[in-house]
Amino acid sequence: MIDLNNPEHIFSRVLRAGIIVAVSFISFGGLFYLIDNYSENYHHVPVYRHSDQFIMMKIGLFILILLQIVRVLFYFFFYLSKKEIFSAITSIFVGSVLILSFILAIY
Amino acid sequence: MLETVLSFTFLIFVVSTITSIFGVLTGLGGGLLLIPILTILQIDLRDAMGVSLICIISLSLITATTKTNQALANTRVGMFLETGAVLGAMIGALLLPFVPTDWIAFIFGAVLIFIVFTTSKQINENEPSFYTMYYLDRSLLSKAKHTEKELNIIKEGKKKSSLAWVAMVISGILAGLLGIGSGALKVLAMDRIMEMPYKVSTATSNFMVGMTAAAGVGIYFFNDYIKFNIIFPAVLGVYLGTFIGAKFLEMLSTQILRRLFNGVILILAAQMFYKAWNG
């Protein structure tokens, strides 16, 4: 059962759901990559294009990075609500660097 | 060709599963083992480092959801020190394309030996120290006048926290440059410099490593060091390895495993030095 009064509990459930989605994308991308290799080598016809498989895996990896950003955001609001300004500012800094890294990853 | 792709994928999956089990059981993370083993499998060092970073991000997200880690980690200290670590990770990852591979192999070997020697020493079970950021943070917020004794504690806390922050920048640079989480170095800085209890240091380090890795991974993507055909079996192996490792955590002696882990790391360090020597 999810304890709705406990924000950390809700957050850890959100993280778990995010991890499952990310791993599913990576797994399916990988599976298609292997199927493609099989069909290309035995039937000389690729079922999926390479770009499709890699995009799926890429989305999975981006979700993993995004989850790290979500983690920082959670702590930012958590500290802000407790009026712990110093820790909230450090969260903003860490979050900004991670967002920059995410933008670089997309490019 | 098919057999090669399938067996290669399976091999990466098995290697990553085993290194993750070791990583979870010893608390030192799997990156230290994974990268040298991948290079033995003829994978380029920089590509292996990219794989390792992604595995660290995955592993840290799993540990973030565990109750024990949430309860023990001092997130306030973690977030403060993380500002230095992410900055260092960015610098390290930016330096990566300009540093020759043999230098990276040499630095990696040196870091492996340093970690073996520092972690094989007796674990320092500190009592919770006054000099942590927890107290520093409270003092920053408090408008009350402090006594002479409290002011001395705050001053000492500031000094130790600043020193630990510098140590985090260095650990971040190594993390970005070598594709590791450098959790062992983070624990060392919190344990020895900030005098935090060992278990709290370990949990706080676990809280931090994923963010450090995420800060560097964007530049790895940008420089095309992320190879998807290697990453997917490695990430799946990490999930399986973490699951198995967590199941056996209570059953096996960490001390024996730590010795075994250190022995393997020393062999891998020798291999990295050999690689550095031969280019």
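Throughout, protein chains are lettered first and strands after them, A, B, ... in sequence-line order, and every chain is numbered starting at 1.
Along residues 83-90 of chain B, the residues that come nearer than 4.5 angstrom to chain A, judged on non-hydrogen atoms, are B:T83, B:V86, B:L87, B:M90 in order of number. Contact annotation for residues 169-179 of chain B against chain A (heavy-atom separation below 4.5 Å): no residues qualify. Below 4.5 Å, heavy atoms of chain A meet heavy atoms from B:I219, B:F221, B:F222, B:I226, B:F228, B:N229, B:I231, B:F232, B:V235, B:L236, all part of residues 219-236 of chain B.
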Identify every side-chain donor-acceptor pair in residues 59-70 of chain A under 3.5 Å, counting partners at least two apart or on other chains, and give the distances.
residue : atom : partner : partner atom : Å
A:Q68   : OE1  : A:R71   : NH1          : 3.2
A:Q68   : NE2  : B:S60   : OG           : 2.9

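A:I26 contributes atom CD1, which lies 6.0 Å from atom OG of B:S58 (distance to the nearest 0.5 angstrom).
Of the N and O atoms on the side chains of A:Y33 and B:T9, not one donor lies less than 3.5 Å from an acceptor on the other residue.
At distances below 3.5 Å, not a single donor-acceptor pair connects side-chain atoms of A:S87 with backbone N or O atoms of B:R76.
Side-chain contact between A:F102 and B:V217 is absent, with no heavy atoms from C-beta onward closer than 4.5 Å. The side-chain heavy atoms of B:M211 and A:V72, taken from C-beta on, include a pair separated by under 4.5 Å.
Aromatic pair A:Y75/B:F207: centroids less than 6.0 angstrom apart.
Ranking B:L61, B:I57, B:I62 against chain A, the residue ahead of the rest is B:L61, based on heavy-atom pairs under 4.5 Å.
Heavy-atom minimum distance, A:S101 versus B:A214: OG-O, 2.5 Å.
Contacts of A:Y79 with chain B are made by side-chain atoms alone, with heavy-atom separations under 4.5 Å and no backbone atom involved.
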